[in-house]
Structures are given as C-alpha cells and as structure tokens.
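These notes are about the structure you will find just below.
If you read the sequence from its start, that first residue is 1, and numbering goes on from there. Just so you know, these numbers use all the heavy atoms, side chains as well, and skip hydrogens, waters and symmetry mates. No experiment lies behind these values; they were computed from the predicted model shown. Read the numbers this way: they start at 1 and go in the same order the structure lists the ligands and their atoms.
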Amino acid sequence: MQVKTLILGAGAAGMMCAAHAGPGTLVIDHAKAPGEKIRISGGGRCNFTNLDIRFDRYLGENPHFHKSAMSRYTQWDFIARVSEAGIPWHEKTLGQLFCDTSAKDIIALLRHDMDAAGADLWLRTSLADLSHADGVFTAILEREGTRHTVRARNLVLATGGKSIPKMGATGLSYDIARRFGHDITETRPALVPLAFPDGRFKPLSGVACPARAAYNGTAFEEALLFTHRGLSGPSILQISSYWREGDALSLDLLPGIDLGAILSEKRRSDGKKQIATELARHLPQRLVEYLAGEMDLAGRLGDLSDARIAEIAAALGDWQLRPGGSEGYRTAEVTLGGIATDRISSKTMMSEHLPGLYMIGEAVDVTGWLGGYNFQWAWSSGWAAGQAI
Ligand code: FDA
C-alpha cells in the first residue's frame, strides 16, 4: 500500500498534523482510541491552551527552537478553531483554557478535521519494521494480527514522550530518530509530584495551601498539596521541571505575607494569644500542628523574642526540603528532553539531513509549563509539519 504520509501516533500532535497534511495520510496508533491523553487531561476537561503563551515558558536545549512554529500557529488560531466548532470553553486561572463540557470535544474536533482532510486512522496497529531507501520509508505494520506493508514519502514521528507507560507511552520516536541520525537529549519526568520516601508528609495528606516553590532562581507561586508520598499541586509540578535530583528546594508557605511584621504586631496587641493559634489564621490547622512538632511553636506570642520571631518567619518563608526523587514517569505529565532540535528545521519540523522525516509534539526536546503550554506545542508543531507536507 502506498501513502503520501505515515504518521506514527494519534495523539495531540499526530492528529493535528494529519488534519493539515492533506489527503494520502495514514495515522497509526497502538492504542484502541486516539488522543487518550487529551481525554484524561485537565481532569477530563482538557486545558487545551493558554491565553498567555510566552516563549520563555518552554524548556529545551535550544530555547528558540519552538518560536517559529508557535508564532505561525498561535493559541489564537487554536482558540478560533475551537470556537468555530462550537465547543464551549472557559478560562479557569492564569490564562488556562478548559472545555466547559468534556475533553472529548477536542478529540472529536481533531477527528472531524482529519476526516475532512481525507486522513485515515488505524488503531490497535504497531510498527513491526521500518526501513528507508531511495527517498521512501517502508513500514511493516501489524494490525489486529495482519501484516501490511506501507510505503510513504513522509514519515512523522508523533508518539510522544515516556510519561504514563500504563497509557501506552513508549520511546518509539526516540528509537527511530536515533536510528536516522538524530541525537536524543537527556530525558526526565517533568510536571511530576516530588516524593519523600521517609513518609514525613503522610500526616498532612490532603492538606493544601498557596505556596511559593523556588529552585535555583526559578519560582512558582501556586497551590501546594501534601500527599501520602510527598508534595504535589501546581507549584510543585511546575518547579519539578527545573529541580535536579539530590538538590533541595525552598518553600515559602506564606508568599506575599510578612509574617515577622504580623507576629511582632500581634505580640504587642495580643500577647496572650498562642503562637500556633495566630499561625492557624494564615495556614491550615493541620499544617500548623505538623510544624509545631517540627519546630517549637508552643507558648504565647508575648514570650517571643525578636530573634525567635525572625527565626519562625524565616523557617516558614524558606522551608528547605530535599525530595528523595520524583514520582517518575508513572505520574509525570510530560517528559523533559527528547529528540534534539539541532538537526530539525524549526519551520517545518523536518530532519535537516533526511528529507521526509518529521518530528513533532512531546517526542521533541520542547517542554512547556503546566497550563495548556504542552498542548499548544503539540498543535503548533503538528500544524507546522502538516503545512510543510
Ligand atoms: P501523545 O502522548 O498525546 O500521543 C502519542 C500517541 O502515540 C499516543 O496515542 C500513543 O498511544 C501513541 N504511541 C506511543 N507509542 C507508540 C507505539 N510504539 N506504537 C504506536 N503508537 C504509539 N498538557 C496540556 O497542555 N494541558 C493539560 O491539561 C494536560 N494535562 C495532562 C494530564 C495528564 C494526566 C498527562 C499525562 C499529560 C497532560 N498534558 C497536558 C500533557 C499533554 O498530554 C502532552 O504534552 C501531549 O499529549 C503531547 O502530545 P503528543 O501528540 O506529542 O503525544
């Protein structure tokens, strides 16, 4: 069988590419449904883009690579398509756009656009063999027990990263890219909860509060969540993409609040009040109880010295914690690193030395912040490759 373009992976990027690559496109996926990560994303409502996409909110060895595709297919383009399709959406927080009803609306939109472009989709299909000669890729595909030989001028690698192997994530795109002469940068789980194997936060499991998580000059002020295994919540997921194994990070439990000034004032006006009672006005009760066990918070405000007030304010404003690790690919939203961008055209996503080979989406070494940034990269890079094909 002959096609113009074979796309490996019917995820966000692969479907977007198929919708723009024109007729003669075959998309394959080993899953039983397309866009499974879209379906579960954003708590089932898919945070499909962000109003405030900024280039410096992406990580990768080349901090400029994503700019071309993302400035030619922007969040406004995707929002326009979503609105045109009549999908209701809303902004939740920090520019994050979600479907009002269901993430399935986004999958249906992409399926519709793929059909309109004349693309075929083969599910439960895997790649058994792949070769390249005379400008043609020959793929042996296995589809429900039957083998098919497919020849294509263009091959698009869109099988995503390693996160959530239970959902079918594999390193297929990395393996193929490597085989065709592309380097793979170091890959790590990102947007991932941080683990404390000593179980120290078990008593706090379920407690949430605003916090500022900081590491090596980067900081995120968003919600913090204590879990059975350690720390989670947006502030932690965000900083996890920057944090390096073995290092400490800093938590400010009272961002924007001058605790020292508050305690000094309360010592003067309400000296008989318990320190813990005052702290519980600003922090969840269970967290205050936990902190009281960690650092002596017994006694009354009136008994606090200036030095002790400074000590408490510093402890809560710069709580140094050294995670044992991250929860890994099992729960990571994305994979940091991937196919090195140095030999890919940032305009077309095509290999610079193997015409016809394209690489898009999470498989490539471009990783966004939490909040719709990663889907936007999938849309922009998928669109750029689709246009070029
Ligand atoms: P994606 O992973 O979507 O697709 C890859 C496809 O390739 C899959 O369909 C897979 O089955 C297939 N595949 C893999 N290996 C294969 C093989 N060997 N053979 C055949 N097929 C194979 N981002 C965001 O912007 N907003 C959000 O709300 C969220 N929420 C979110 C929640 C959760 C729980 C996760 C895990 C991730 C998110 N993300 C997110 C991240 C987002 O899902 C991710 O960045 C995009 O799905 C990446 O799109 P891709 O198309 O590159 O890969």
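Look at L127 and you'll find every heavy atom at least 4.0 Å from all atoms of ligand 1. Using a 4.0 Å cutoff on heavy atoms, S163 does not count as a contact of ligand 1. Residue contact check for ligand 1: I40 places a non-hydrogen atom closer than 4.0 Å to it.
At least one N/O-N/O distance between E362 and ligand 1 falls below 3.5 Å. For the pair G35 and ligand 1, the shortest N or O to N or O distance does not fall below 3.5 Å. Between Q376 and ligand 1, not a single N/O pair is under 3.5 Å apart. Taking only nitrogen or oxygen atoms, main chain and side chain alike, G161 does not reach within less than 3.5 Å of ligand 1. Ligand 1 has a nitrogen or oxygen under 3.5 angstrom from a nitrogen or oxygen of T170. Ligand 1 has a nitrogen or oxygen under 3.5 angstrom from a nitrogen or oxygen of F375.
Ranking protein heavy atoms by distance to atom 38 (C) of ligand 1, first place goes to E333 OE1, 3.6 Å. Among protein heavy atoms, atom 13 (N) of ligand 1 sits closest to H30 NE2, 3.5 Å. For atom 51 (O) of ligand 1, the closest heavy atom belonging to the protein is A13 N, 2.8 Å. For atom 1 (P) of ligand 1, the closest non-hydrogen atom of the protein is G11 CA, 4.1 Å.
Between F137 and H132, the two ring planes are tilted [angle within 30° to 60°].
Within the 6.0 Å centre-distance limit, the rings of W379 and F375 are counted as a close aromatic pair. Aromatic rings from Y242 and Y215 are positioned such that their centres are separated by 6.0 Å or more.
Salt-bridge annotation for D303 and R267: absent, with no side-chain N of the basic residue lying under 4.0 Å from a carboxylate O of the acidic one. Salt-bridge check for D52 with R54: passed, with a basic side-chain N closer than 4.0 Å to an acidic carboxylate O. Salt-bridge formation is detected for the pair R111/D115: a Lys NZ or Arg NE/NH1/NH2 atom is positioned less than 4.0 Å from an Asp or Glu carboxylate oxygen.
Close approach of ligand 1 to L172 is summarised as follows: ligand atoms under 4.0 Å from at least one heavy atom of the residue are 17 (C), 18 (N), 19 (N).
The nearest non-hydrogen atom to atom 10 (C) of ligand 1, considering only N47, D175, D29, comes from D29.
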